[in-house]
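To start, the structure itself, in structure tokens.
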Amino acid sequence: MAKLSGLQKQVLSLYRAFLRAARTKSVEDRQQMESIVAAEFRRNAKQIDRKNFIYIEYLLRRGNKQLDQLKSPATVRLSTLDPNPEP
């Protein structure tokens with residue numbers, strides 16, 4: 001397996017942190033959160049050029065802010081705005 005770059009490690013760490021935070025919520029909310037997080041990361045992995053470091057760093061900052069909100073006990077659900085919903 002190839003060695004991961006610093007950015008790749010940060011992205012994987014953020015993904016794992018989202019999954020850990022989802023585990024603190026109820027079972028049905030956790031399943032919904034895990035599917036949204038997985039879909040969002042997958043969508044970004046396909047759509048974003050791996051060499052667009054500035055945009056990836058922006059998404060990491062935005063993701064960390066969203067993670068902080070998700071960790072709040074008052075947060076029970078996630079929502080997403082998908083500009084290209086699948087039929």
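All values below were derived from every heavy atom in this structure, side-chain atoms included, with hydrogens, water molecules and symmetry-related copies excluded. Small disclaimer: the values here were computed from a predicted structure and weren't measured. When a residue number appears, it is its place in the shown sequence, counting from 1.
For the atom pair E34 CD and K25 NZ, the distance stands at 13.0 Å (nearest 0.5 Å). Atom OG of S26 sits about 7.0 Å away from atom CE of M33, to the nearest 0.5 Å. Rounded to the nearest 0.5 angstrom, Q47 CD and N52 CG are separated by 12.5 Å. We find the CG-CG distance between L19 and L14 to be 9.5 Å, quoted to the nearest 0.5 Å. The distance from atom CG of N44 to atom CZ of R42, rounded to the nearest 0.5 Å, is 11.5 Å. Once rounded to the nearest 0.5 Å, the distance linking CD of Q66 with CD of Q69 reads 7.0 Å.
When every heavy atom of V11 is checked against every heavy atom of F41, the shortest pair comes out as O-CE2, 3.7 Å. When all heavy atoms are compared, the tightest approach of F18 to L70 is CD2-CD2, 3.7 Å. Among all heavy-atom pairs drawn from R23 and R30, the shortest one is CA-CD, 3.5 Å.
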(message) Determine whether R16 and S13 satisfy the following criterion, side chain to side chain contact (heavy atoms under 4.5 Å, CB included), listing intermediate values before the conclusion.
(response) CA-CA 5 Å; R16 286 191 303 269; S13 175; 4.2 Å; yes
(message) Between L7 and L60, is the side chain to side chain contact (heavy atoms under 4.5 Å, CB included) condition met? List the steps.
(response) CA-CA 9 Å; L7 264 178; L60 281 168; 3.4 Å; yes
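Using a 4.5 Å heavy-atom cutoff, the side chains of Q8 and R50 are in contact.
For Y58 and Y55, the gap between ring centers is short of 6.0 Å.
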